[in-house]
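Computed over heavy atoms, backbone and side chain alike; hydrogens, waters and symmetry mates excluded. Numbers restart at 1 for each chain; the letters A, B, ... are given by sequence-line order, proteins then strands.
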2 protein chains.
Amino acid sequence: MSDKLEFTQEVLELARISKALSHPVRIYILLKLSKMDSCCYSGDLVEELPIGRSTLSRHLKELKYAGLIQGEIKPPYIKYCINRKNWERAKKLFACFLDNDLQVSNLLQETESLIHL
Amino acid sequence: MSDKLEFTQEVLELARISKALSHPVRIYILLKLSKMDSCCYSGDLVEELPIGRSTLSRHLKELKYAGLIQGEIKPPYIKYCINRKNWERAKKLFACFLDNDLQVSNLLQETESLIHL
DNA sequence: AAATCATTTCGTATATTTGCGAAATACAAA
DNA sequence: TTTGTATTTCGCAAATATACGAAATGATTT
């Protein structure tokens, strides 16, 4: 084994998605949106949640950045919904993670192979 | 609907567990330990990971706090392994979360019911 | 062009997280 | 009791996360 190792893409992805899920407001939003074909406007959400508009906007931005939701501009609103493709990816990753279906030997790799990304 | 709402236990639990999973080092540790009956000493892990002993200790503490691992003292080592009961709980919660098996109506509840906990 | 509405960005404050090395702790063996 | 080994805690610094209200943005309607 090489001395200096980096995490594989799968490990980094799991950590990144988990981070997006690490706040109750974001869990709530995702649960609501993931209900079959459900979409929401920011204004709908702010009325249900115990936070201000600007703070909600930050949470939505984080979920977008993580790829878990997407926003469609429907002036004067923005309609949010789940990014289905990435949602399925998250589903698969977590299922493998929690069921021990990932190869331990694939959790780390030599730095060299990542340096040039 | 009441004016002031709180998140349900399920939402808070999902966020809390996700937070514990939100760092690559902790994902790595869990993946390694979750392999059937696998246990590790802190010293084993520090040799594989690109972090110092004290930092690793912090990550282990967080995973313990989240209830995902447990440490058994085997002098002069501490043997870490998965907390199977809580691991199964996490599995169940994430499976429901990702498959839309949680009732949206159960995501929030009135503050009163939580105040006296 | 001005007014309006939903949403985001900015500025600020505070709290938490992550990391390291040094010091402290816990335990067993000499 | 002293020594040695494994691990954790402490003190510090830097980075990130969370929250709010005020101001800015984008697009439509008047």
Exercise. Just how far, in rounded Å, is P of C:dT17 from CG of B:L21?
Worked result: 14 Å

Exercise. Do you know which two heavy atoms are closest between A:Q70 and A:I82, and how far apart they sit?
Worked result: OE1-O, 3.4 Å

For this session: Grab the CD1-C1' distance between A:I69 and C:dT7 for me, whole Å please.
Result: 13 Å

For this session: For the residue pair A:H23 and A:H59, categorise the inter-ring angle as parallel (less than 30°), tilted (30 to 60°) or perpendicular (more than 60°).
Result: tilted

Problem set entry | Length of the CG-P vector between B:L45 and D:dA6, whole Å | 14 Å

Problem set entry | Rounded distance in Å - CD1 (B:I78) to P (D:dA6) | 12 Å

For this session: Determine, for nucleotides 17-28 of chain D in 5'-to-3' order, which nucleotides have protein heavy atoms under 4.0 Å from the base (write B), from only the sugar-phosphate (write S), or from neither (write -).
Result: SBBBBB----SS

For this session: Please state how far atom OH in B:Y41 lies from atom P in D:dT8, giving the value in whole angstrom units.
Result: 14 Å

For this session: State plainly whether one hydrophobic cluster holds both A:Y28 and A:I51, where clusters connect Ile, Leu, Val, Met, Phe, Trp and Tyr through side-chain heavy atoms under 4.5 angstrom apart.
Result: yes

Exercise. Is there a path of hydrophobic side-chain contacts, each under 4.5 Å between heavy atoms of I, L, V, M, F, W or Y residues, that connects A:L12 with A:L93?
Worked result: yes

Exercise. Hey, does A:S57 reach any base, or is it just sugar-phosphate, or nothing, if we go heavy atoms under 4.0 Å?
Worked result: base

Exercise. Expressed in angstrom and rounded to an integer, what is the separation of B:L60 atom CG from D:dT9 atom C1'?
Worked result: 14 Å

Problem set entry | Pairing residues for B:K92 by the side chain to side chain donor-acceptor pair (under 3.5 Å) criterion, not counting sequence neighbours | none

Problem set entry | For atom CD of B:E72 and atom C1' of D:dA6, their distance in whole Å | 16 Å

Problem set entry | B:Y77 OH to D:dG4 P, straight-line distance once rounded to whole Å | 16 Å

Problem set entry | N/O (side chain, B:Y80) to phosphate O (OP1/OP2, D:dA6) under 4.0 Å | no

Problem set entry | With B:N86 via side chain to side chain donor-acceptor pair (under 3.5 Å) - residues at least two apart | none

